[in-house]
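Each remark here refers to the structure printed beneath this line.
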Amino acid sequence: MTSIRQALHLLLADPEEKPFHAQANVVKREKVSANFTRITLRSTEFGQYSAPWPADAVKLELTPDEHRVYTVRHFDGSAGAIAIDVFDHGVGLGTTWAGNGVGITGRRPEFFRSAEVDSFLFLADSSALPAIAAIFDSLEDSDQVTAVLAVAPEDRSLVAIRPSWDVRWVDELPSRPPIPAGRVQAWVAGEASSTKKLRGVLLRDGAIRLDDFKVGAYWWEGRTWTDSFSASVEKFHRLAAEGKDMTDPTVLESLTMD
Ligand SMILES: Cc1cc2nc3c(=O)[nH]c(=O)nc-3n(C[C@H](O)[C@H](O)[C@H](O)COP(=O)(O)OP(=O)(O)OC[C@H]3O[C@@H](n4cnc5c(N)ncnc54)[C@H](O)[C@@H]3O)c2cc1C
């Protein structure tokens, strides 16, 4: 019996779980909705990535100095292919990058379906739409799912939803999200300041147990990924030097949430 936070901790601390690094080529770019482009990457080295979890993330080295983090939307081990869906938010290296060869490092696990909980709550914006789509593909019809997703109408078809699930589409993430009764596993991802606020709301008074909670700052308003990543790397080294367990999701979360 494992909660999401315990499962992520166990995986990150597992000595068998070594980061993989691969050189990949872009074999296809296709527009899959108004604001998303699917990039298919192929590599003979993807064999190192043998046991994917839904919504795993990878780091793409777009230039020698800059990388961006994206979700593995599809993985085809036999074809040696990974597909990522890139959100075009108007500006940014990730949206304008047109290269053909890229280094990939992974993986960063983001989701685990705990069998201990009564239901699942998802709060996410467009940056996490590929993650939500991958997670939803991994859930069952019988799972109790509540989701509030801040995604433009023209991109919503990228997510497959079961009829019994309560999925609400909104323009922006709510400050007071619905919290289902019972033991709930909550998964939150999106802009840093709104996810940080939601963290406070969901953990307040034990509405959601910390063990059942996963939050991710997927982007920062007004800051590039490189700016915010540099700040968290400095903090990572400081905490590591203080002897903190850098495989503990709670310690890792403090890099962006404190
Ligand atoms: C674990 C993880 C998984 C992720 N998976 C995906 C994914 O599958 N697909 C995806 O598209 N993104 C994903 N992201 C988010 C993505 O890494 C960031 O949005 C990143 O900043 C994009 O880089 P960029 O070069 O486009 O913009 P940057 O150069 O980083 O930023 C340029 C400007 O755009 C703004 N900006 C950045 N991202 C967004 C956004 N999403 N919406 C509105 N404004 C934005 C910034 O505030 C800045 O002002 C993920 C992030 C994480 C941490």
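The shown structure was predicted, so the numbers you read here are calculated from the model rather than taken from an experiment. Numbers here simply count residues along the sequence, with the first being 1.
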Report yes if the side chains of Leu12 and Pro109 come closer than 4.5 Å at any heavy-atom pair, otherwise no. yes
Contacts of Glu66 that satisfy salt bridge (Lys or Arg N to Asp or Glu O under 4.0 Å) - sequence neighbours left out: Arg68
How would you list all residue pairs meeting side chain to side chain donor-acceptor pair (under 3.5 Å) that involve residues 139-148, not counting sequence neighbours? Arg113-Asp143, Asp141-Arg162
Listed by chain and number, what are the side-chain hydrogen bond (donor to acceptor under 3.5 Å, both in side chains) partners of Asp137, not counting sequence neighbours? Arg73
Can you check whether Ser194 reaches Glu221 side chain to side chain, under 4.5 Å on heavy atoms? no
Side chains of Met246 and Val251: does their closest heavy-atom pair fall under 4.5 Å? yes
Hey, can you tell me if His67 and Phe229 have their rings parallel, tilted or perpendicular (30° and 60° cut-offs)? perpendicular
List the residues meeting side-chain hydrogen bond (donor to acceptor under 3.5 Å, both in side chains) with Ser33, not counting sequence neighbours, and say none if there are none. Asp155
Taking the side chain as C-beta and beyond, is there a heavy-atom pair between Thr37 and Thr95 under 4.5 Å? no
Taking the six-membered ring of Trp53, is the NZ or CZ of Arg108 close enough (under 6.0 Å from the centre) and on axis enough (within 45°)? no
Inspect the surroundings of CD in Glu172 and state if more than 12 heavy atoms from other residues, nucleotides or ligands are less than 6.0 Å away. no
Let me know which of Lys196, Lys214, Arg5 forms a salt bridge (charged side-chain N to carboxylate O under 4.0 Å, His left out) with Glu253. Arg5
Locate the shortest heavy-atom distance separating Ser175 from Leu198; write the atom from each residue and the value. O-CD2, 4.4 Å
Could you see if Leu203 belongs to whatever hydrophobic cluster contains Leu8? Use Ile, Leu, Val, Met, Phe, Trp, Tyr and a side-chain cutoff under 4.5 Å. no
Same apolar cluster: Val58 and Leu62, side chain cutoff 4.5 Å: yes
Would you list the pairs meeting ring pair (Phe, Tyr, Trp, His ring centres under 6.0 Å) in which at least one residue belongs to residues 140-180, sequence neighbours left out? Phe136-Trp165
Is there a path of hydrophobic side-chain contacts, each under 4.5 Å between heavy atoms of I, L, V, M, F, W or Y residues, that connects Val148 with Ile208? yes
Nearest heavy-atom pair of Leu202 and Pro177: which atoms, and what distance? CD2-CG, 3.9 Å
Mind listing the closest non-hydrogen atom pair of Gln48 and Ala22 along with its distance? NE2-CB, 4.5 Å
Asp118: which residues meet the side-chain hydrogen bond (donor to acceptor under 3.5 Å, both in side chains) condition with it, sequence neighbours left out? none
Decide if atom CG of Asn100 counts as having more than 12 heavy atoms of other residues, nucleotides or ligands within a radius under 6.0 Å. yes
Is any side-chain heavy atom of Ile39 closer than 4.5 Å to one of Val86? yes
side-chain hydrogen bond (donor to acceptor under 3.5 Å, both in side chains) partners for Ser193, two or more places apart: Glu191
Checking Asp211 against Ile4 for the side-chain contact (heavy atoms from CB on, under 4.5 Å) test, could you report, in this order, the C-alpha distance in whole Å, the side-chain angles of both residues, the deciding distance, and whether it holds? CA-CA 7 Å; Asp211 256 2; Ile4 182 170; over 6 Å; no
Pairs where residues 76-96 contributes a residue and the test salt bridge (charged side-chain N to carboxylate O under 4.0 Å, His left out) is met, not counting sequence neighbours: Arg38-Asp85
For the hydrophobic clusters of this structure (ILVMFWY residues joined by side-chain heavy atoms under 4.5 Å, transitively), does one cluster hold both Ile135 and Val72? no
Any pair counted as side chain to side chain donor-acceptor pair (under 3.5 Å), so long as it reaches residues 16-26, sequence neighbours left out: Glu17-Arg107, His21-Thr105
Please, which pairs that meet ring pair (Phe, Tyr, Trp, His ring centres under 6.0 Å) have at least one residue in residues 31-52, sequence neighbours excluded? Phe20-Tyr49, Phe36-Phe87, Tyr49-Phe75
His74 side chain near Ile82 side chain, heavy-atom distance below 4.5 Å: no
Which side-chain N or O atoms in residues 235-242 pair as donor and acceptor under 3.5 Å with protein atoms at least two apart or in another chain?
unit_1 : atom_1 : unit_2 : atom_2 : d
Lys235 : NZ     : Ser254 : O      : 2.8
Glu242 : OE1    : Lys244 : NZ     : 3.4

Donor-acceptor list for residues 182-190 side chains, cut-off 3.5 Å, not counting sequence neighbours:
unit_1 : atom_1 : unit_2 : atom_2 : d
Arg183 : NE     : Asp212 : OD2    : 2.7
Arg183 : NH1    : Glu116 : OE1    : 3.2
Arg183 : NH2    : Glu116 : OE1    : 2.7
Arg183 : NH2    : Asp212 : OD1    : 2.9
Arg183 : NH2    : Asp212 : OD2    : 3.4
Gln185 : OE1    : Ser114 : N      : 3.2
Gln185 : NE2    : Phe112 : O      : 2.8
Trp187 : NE1    : Glu110 : O      : 2.9

Just wondering, do Val27 and Leu41 contact through their side chains at under 4.5 Å, heavy atoms? no
Please tell me if the side chains of Trp219 and Asp125 come closer than 4.5 Å, counting only heavy atoms from C-beta onward. yes
Do Ile132 and Phe120 sit in one hydrophobic cluster, given that two such residues count as connected whenever their side-chain heavy atoms are within less than 4.5 Å of each other, even indirectly? yes
Please report the C-alpha distance between His89 and Asn35 in whole Å, then the side-chain angles of each, then the deciding distance to 0.1 Å, and finally whether the side-chain hydrogen bond (donor to acceptor under 3.5 Å, both in side chains) criterion is met. CA-CA 7 Å; His89 54 85; Asn35 301 301; over 6 Å; no
Rounded at 0.5 Å granularity, tell me how far CG in Leu158 sits from CZ in Arg156. 12.0 Å
